[in-house]
2 protein chains.
Amino acid sequence: MSKSKRLMELMMTVNRMRKFTVKELAREFGVSPRTILRDLQELSELGVPLYSEVGPHGGYQVLKERVLPPIAFTEEEAVALFFASHALRHYRYLPFRSESASALSKFYHYMPGDVRDRIDEMKNRVDFRTPARQAEFPFLSELLDAAVRQRVLRIDYASREGESCRDIQPVGIYASHGLWYCPAYCFLRREIRLFRCDRIKGAREADAAMKPVDLNGIHLDNWESLDPAEREWVHLVAELGPEAIPRCEDELGRRMTIHVREDGSGWLNADIPRSELPYFARFFIGLGADASVGSPPELTDLIRRMLRELLERYEGKSN
Amino acid sequence: MSKSKRLMELMMTVNRMRKFTVKELAREFGVSPRTILRDLQELSELGVPLYSEVGPHGGYQVLKERVLPPIAFTEEEAVALFFASHALRHYRYLPFRSESASALSKFYHYMPGDVRDRIDEMKNRVDFRTPARQAEFPFLSELLDAAVRQRVLRIDYASREGESCRDIQPVGIYASHGLWYCPAYCFLRREIRLFRCDRIKGAREADAAMKPVDLNGIHLDNWESLDPAEREWVHLVAELGPEAIPRCEDELGRRMTIHVREDGSGWLNADIPRSELPYFARFFIGLGADASVGSPPELTDLIRRMLRELLERYEGKSN
DNA sequence: ATAATAGTGACAATCGTTGTCATGATCGAA
DNA sequence: TTCGATCATGACAACGATTGTCACTATTAT
């Protein structure tokens with residue numbers, strides 16, 4: 001095997017093993033320990049963070065910031081990748097903020113001048129906007145870590161009703177419209193609930209006594225469908241004007257299908273839980289004249305009531 | 001210089017030059033042409049897409065998909081980068097869709113097994129959601145290209161009033177809530193306007209007679225502030241409940257500052273163009289009891305009127 | 001035709017790589 | 001303490017890879 005190939009494979013191998021001795025590698029690669037030593041020194045010079053300890057039980061170690069085998073990207077791929085991480089800059093909080101920034105600058109730095117020029121030209125001409133939020137999300141890494149390792153966390157949660165302390169086991173975290181959410185099994189309610197991460201004011205490992213529940217097979221793509229069946233459902237029918245379609249896709253897109261006609265208008269036809277009627281009432285009021293609810297009657301009633309209340313407020317004020 | 005170093009530099013050099021002859025390179029690197037030929041063959045085998053033509057004015061060329069010098073990422077950086085481009089998968093339309101996908105799979109493919117495992121574990125546990133849209137955005141690349149190269153495009157635009165044909169010069173494109181927008185200088189209105197990309201039904205190079213205007217210095221970050229001064233402004237004051245804050249940040253965050261008090265409530269205090277009163281009226285109606293507008297009177301009047309209309313509609317229906 | 005270019009094969013000179021050996025240093029365990 | 005496991009370094013000869021040179025072919029624009 002040629003030296004350069006051996007170096008590549010060596011890099012992958014040490015990344016895989018994390019801890020190893022010179023002899024081991026020499027056997028594995030069929031070369032002498034002396035050669036391996038020379039190779040390791042070269043890897044070191046190439047930036048692989050190696051650390052060695054002498055003595056029995058000593059050996060080599062790769063420090064935690066492992067270096068991946070270099071990947072060659074085409075120019076187009078690099079540009080795409082650049083803008084992908086560029087898009088994340090709008091997030092003040094990320095589970096891996098600093099890494100994302102350093103990857104971005106590494107990219108930028110290593111690129112040949114003319115590609116950099118091209119990126120510079122495009123930088124201010126493509127963007128993925130995310131609403132800027134004042135809310136703080138200090139525990140994203142902890143929540144994600146707990147989700148991956150299936151651990152229970154004890155959190156301080158500031159809900160509308162006041163601050164409470166509860167044990168949860170996160171399913172995962174996701175950002176939507178610039179806010180972070182965390183669906184998690186709540187040991188208090190004994191079901192999966194959605195938490196807003198900015199309301200989580202504290203998070204630490206729960207008591208060892210708290211046994212994790214089995215959330216294998218439950219993840220971000222399917223937890224919503226695992227809703228408890230206790231709910232009572234009512235049937236929603238609404239007619240949508242063209243202006244209303246995007247707003248419905250925005251807020252309801254993942255819960256129901258939005259039917260669109262040729263002329264741009266559309267309609268909704270779906271079952272919704274009775275408990276969410278207030279939410280829907282307010283939502284359709286917000287759509288104004290672009291939407292009109294046909295059913296259920298409970299919803300139209302509620303809309304009327306809410307409209308009257310609002311109207312009273314605004315009439316009271318002006319008089 | 002060692003062979004491997006020379007190969008690296010060669011890769012960068014050919015990427016920079018795009019077109020070159022063997023002799024040139026031989027001179028530049030101080031080796032014989034024979035060696036360069038051997039090196040180029042190796043680069044070729046390593047995936048650099050080289051193409052050669054014999055004869056006078058012949059020579060080597062790098063095909064358009066240039067390969068960048070390999071960049072070594074740490075594990076954490078790779079994970080961050082992976083999730084950045086993972087986040088883009090929600091977009092059905094992107095100005096560089098296929099490249100983004102191939103970069104993602106290249107990443108995944110070249111990663112050592114255990115990092116891949118780690119990513120697999122996290123894949124379903126972190127997400128950046130974007131509303132799924134049915135709208136189509138077929139001309140993103142064309143718009144972006146025109147923005148970068150400062151070209152004029154002739155587009156077919158389907159606005160509320162019907163389809164029209166106009167010449168525009170894009171400032172850039174951006175995605176917000178899953179929809180793509182394109183601020184552009186409109187030669188019809190003679191000012192910068194915001195176009196929704198899904199309403200652009202056709203796009204092609206405009207007449208050569210259309211002279212591009214100078215949009216240097218105007219880009220996505222500043223075009224909004226270049227609004228024509230013709231507008232009439234009114235002063236908005238509104239009181240916000242805690243629930244209303246996120247929705248205001250979402251929709252108004254980039255136009256005005258949202259003041260937040262200790263207790264979670266907040267207020268708005270900003271100038272808005274009179275022409276947008278209907279938009280604001282509807283917006284505050286959508287906030288329901290969580291917001292109340294104090295001023296301007298025109299706005300509260302409008303809100304009252306709209307509420308009455310809505311109420312009539314819903315009362316008419318139920319009777 | 002001519003000149004400019006790529007492409008290949010052969011060979012010897014050169015240079016880099018490897019294994020072996022000797023030596024040293026450090027550390028943990030017996 | 002001594003012993004063995006480990007990293008670390010230097011010297012050198014054997015080996016193998018790389019390089020330059022030369023001779024030759026093939027293609028093409030002028």
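Proteins come first, then strands; the chains are lettered A, B, ... in the order of their sequence lines, and each starts at number 1.
Heavy-atom nearest nucleotides on DNA chain D were determined for A/G58 and for A/L37, and the one closer to the 5' end corresponds to A/G58.
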Might you list the N or O atoms of the protein lying below 3.5 Å from N or O atoms in nucleotides 16-18 of chain C, with each pair's distance?
| from | atom 1 | to | atom 2 | distance (Å) |
| --- | --- | --- | --- | --- |
| C/dT17 | OP1 | A/K3 | NZ | 3.4 |
| C/dT18 | OP1 | A/R6 | NH1 | 2.5 |
| C/dT18 | OP1 | A/R6 | NH2 | 2.9 |
| C/dT18 | OP2 | A/R6 | NH2 | 2.9 |

Report, one pair per line, the protein and nucleotides 22-30 of chain D atoms (nitrogen or oxygen only) whose separation is under 3.5 Å.
none

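When rounded to the nearest whole Å, the span between NZ of A/K23 and P of D/dA8 equals 15 Å. B/K19 places its NZ atom 12 Å from the C1' atom of C/dA4, with the value rounded to the nearest Å. Rounded to whole Å, the distance from CG on B/L40 to P on C/dA6 is 9 Å. Between the P atom of D/dT6 and the CD atom of A/E24 lies a distance of 8 Å, rounded to the nearest Å. One atom, CZ of B/F20, and another, C1' of C/dA6, lie 12 Å apart when rounded to the nearest Å. With rounding to whole Å, A/L50 atom CG is found 16 Å from D/dT6 atom C1'. Protein atom CG of A/L25 is 12 Å distant from nucleotide atom P of D/dT6, rounded to whole Å. Atom CG in A/L43 sits about 13 Å away from atom P in D/dA8, given to the nearest Å.
By the 6.0 Å and 45° rule, B/R116 stacks over the aromatic ring of B/Y108.
For B/W223 and B/Y174, the ring centers are positioned 6.0 Å apart or more. In this structure, the ring of A/F137 has its center no less than 6.0 angstrom from the ring center of A/Y91. In this structure, B/F195 has its ring center closer than 6.0 angstrom to the ring center of B/Y157.
Between the A/E142 side chain and the A/A203 main chain, no donor and acceptor come within less than 3.5 Å of each other.
Under the 30°/60° scheme for interplanar angles, the aromatic rings of B/Y60 and B/F20 are found to lie parallel.
Looking at B/D214 and B/Q150, their side chains never bring a donor and an acceptor atom within 3.5 Å of each other.
For the side chain to side chain contact (heavy atoms under 4.5 Å, CB included) with A/P95, the lone residue among A/L144, A/D145, A/L143 that qualifies is A/L144.
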| task | Apply side chain to side chain contact (heavy atoms under 4.5 Å, CB included) to the pair A/I168 and A/F187, showing each step before the final yes or no. | result | CA-CA 6 Å; A/I168 65 166; A/F187 285 84; 5.6 Å; no
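When distances are taken from the side chain of A/Q41 to each of D/dT6, C/dA6, D/dT9, the shortest belongs to D/dT9.
In this structure B/H86 satisfies the ring pair (Phe, Tyr, Trp, His ring centres under 6.0 Å) test together with B/F82, B/F83, sequence neighbours excluded. In this view, B/F139 satisfies the ring pair (Phe, Tyr, Trp, His ring centres under 6.0 Å) rule with no residue, not counting sequence neighbours.
Look at A/Y60 and you'll find a side-chain N or O under 4.0 angstrom from OP1 or OP2 of D/dA8. Side-chain N/O atoms of A/T21 include none lying less than 4.0 angstrom from OP1 or OP2 on D/dA5.
Bending across the helix from C/dA1-D/dT30 to C/dA30-D/dT1, expressed as the angle between its end axes from five pairs apiece, amounts to 30° (10° rounding).
Counting only residues at least two apart or on different chains, the side chain to side chain donor-acceptor pair (under 3.5 Å) pairs with a member in residues 21-34 of chain A are A/S32-A/T35.
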